[in-house]
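Position 1 is the first residue of the sequence, and the numbers go up from there. Just so it is clear, the structure is predicted and the values come from calculations on it, not from any experiment. The basis for the numbers below is simple: all heavy atoms, side chains too, and nothing from hydrogens, waters or symmetry mates.
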Amino acid sequence: MIKNYWLKFLIIVPLLFLASCSEIIDNIDRQKEQENYVSPYMGKWVGTFTGEVSGDLILNVSKSGSIEVTRIVNTNVEEVYYASLQGAGSAAISASASPKGFVLTGSLETKSGTWKQQYWSGSWSVKKMPTPL
């Protein structure tokens, strides 16, 4: 009876060890993929927002797809805040509010969308700036 348990132990433990190693390797591969990912929308995007309030927009999209949004009204920087693309190569901007309540929705694929801030709203559009050499 004891030999039977010992034999099962000797078979099961190595299998568990191999499964754990496989999971560790899969996690390392996923991390490398995330580190090597480059958003196809990376770069500087410049444009305007119009509506009840108007101004200029600068969207700096990082390698990972995070966006630094600079909003300019009457030549003054109104605010700088961070948003992101929705992921997996998507051009859709995640609707995250700035500290002042400004929310961009839309897509970098269409280079346009809508914005709202409290009871004001309007539309926006941008163009991608050429990458300097």
Side-chain angles (χ1 to χ4, degrees):
M1 179 76 99
I2 293 177
K3 287 183 181 182
N4 197 12
Y5 286 121
W6 184 249
L7 182 60
K8 288 179 183 177
F9 177 78
L10 288 176
I11 292 172
I12 292 173
V13 168
L15 291 174
L16 291 173
F17 178 74
L18 288 174
S20 296
C21 289
S22 175
E23 187 174 326
I24 290 170
I25 290 169
D26 288 346
N27 286 339
I28 290 171
D29 288 344
R30 272 188 240 114
Q31 285 176 338
K32 284 182 182 177
E33 285 176 15
Q34 288 174 350
E35 289 171 5
N36 293 331
Y37 175 76
V38 176
S39 171
Y41 302 98
M42 183 174 116
K44 184 176 184 176
W45 299 73
V46 177
T48 58
F49 64 99
T50 58
E52 294 159 281
V53 176
S54 298
D56 296 318
L57 284 175
I58 301 171
L59 309 178
N60 285 306
V61 180
S62 74
K63 175 181 171 184
S64 66
S66 64
I67 306 170
E68 178 188 72
V69 179
T70 303
R71 189 166 59 97
I72 302 165
V73 177
N74 297 326
T75 69
N76 296 318
V77 173
E78 186 72 18
E79 68 181 324
V80 176
Y81 74 100
Y82 296 89
S84 63
L85 296 176
Q86 288 187 354
S90 170
I93 296 174
S94 291
S96 52
S98 74
K100 294 184 177 183
F102 187 82
V103 178
L104 283 179
T105 55
S107 169
L108 291 179
E109 186 174 353
T110 61
K111 300 175 182 80
S112 63
T114 59
W115 65 270
K116 70 178 188 178
Q117 182 178 17
Q118 298 169 352
Y119 49 87
W120 297 321
S121 63
S123 61
W124 61 269
S125 65
V126 291
K127 289 190 232 177
K128 188 170 183 187
M129 301 302 292
T131 306
L133 299 176

So which atom in [X] and which in [Y] form the shortest heavy-atom distance, rounded to 0.1 Å?
| X | Y | answer |
| --- | --- | --- |
| S54 | V73 | O-CG1, 3.9 Å |
| M129 | V46 | CG-CG2, 3.5 Å |
| V61 | S39 | CG1-OG, 4.3 Å |

For K111, salt bridge (charged side-chain N to carboxylate O under 4.0 Å, His left out) partners two or more places apart: none

[X] side-chain N/O to [Y] backbone N/O, donor-acceptor pair under 3.5 Å:
| X | Y | value |
| --- | --- | --- |
| E52 | S121 | yes |
| W115 | T50 | yes |
| E109 | A92 | no |

Is the closest side-chain heavy-atom distance between [X] and [Y] below 4.5 Å?
| X | Y | value |
| --- | --- | --- |
| Y82 | V69 | no |
| Q117 | V103 | no |
| I58 | N60 | yes |
| Y81 | L104 | yes |
| K128 | K44 | no |
| P99 | E79 | yes |

[atom1]-[atom2] distance between [X] and [Y], expressed to the nearest 0.5 angstrom:
| X | Y | atom1 | atom2 | value |
| --- | --- | --- | --- | --- |
| T70 | D56 | OG1 | CG | 11.0 Å |
| E78 | S98 | CD | OG | 9.0 Å |
| Y41 | I67 | OH | CD1 | 11.5 Å |

Under a 3.5 Å threshold, yes or no: a donor from one side chain and an acceptor from the other, between [X] and [Y]?
| X | Y | value |
| --- | --- | --- |
| S94 | S96 | no |
| S66 | S62 | yes |
| T105 | T114 | yes |

Quiz item: cation-pi between R71 and F102, 6.0 Å / 45°: yes

Full working for side-chain contact (heavy atoms from CB on, under 4.5 Å) between L57 and T48: CA-CA 5 Å; L57 284 175; T48 58; over 6 Å; no

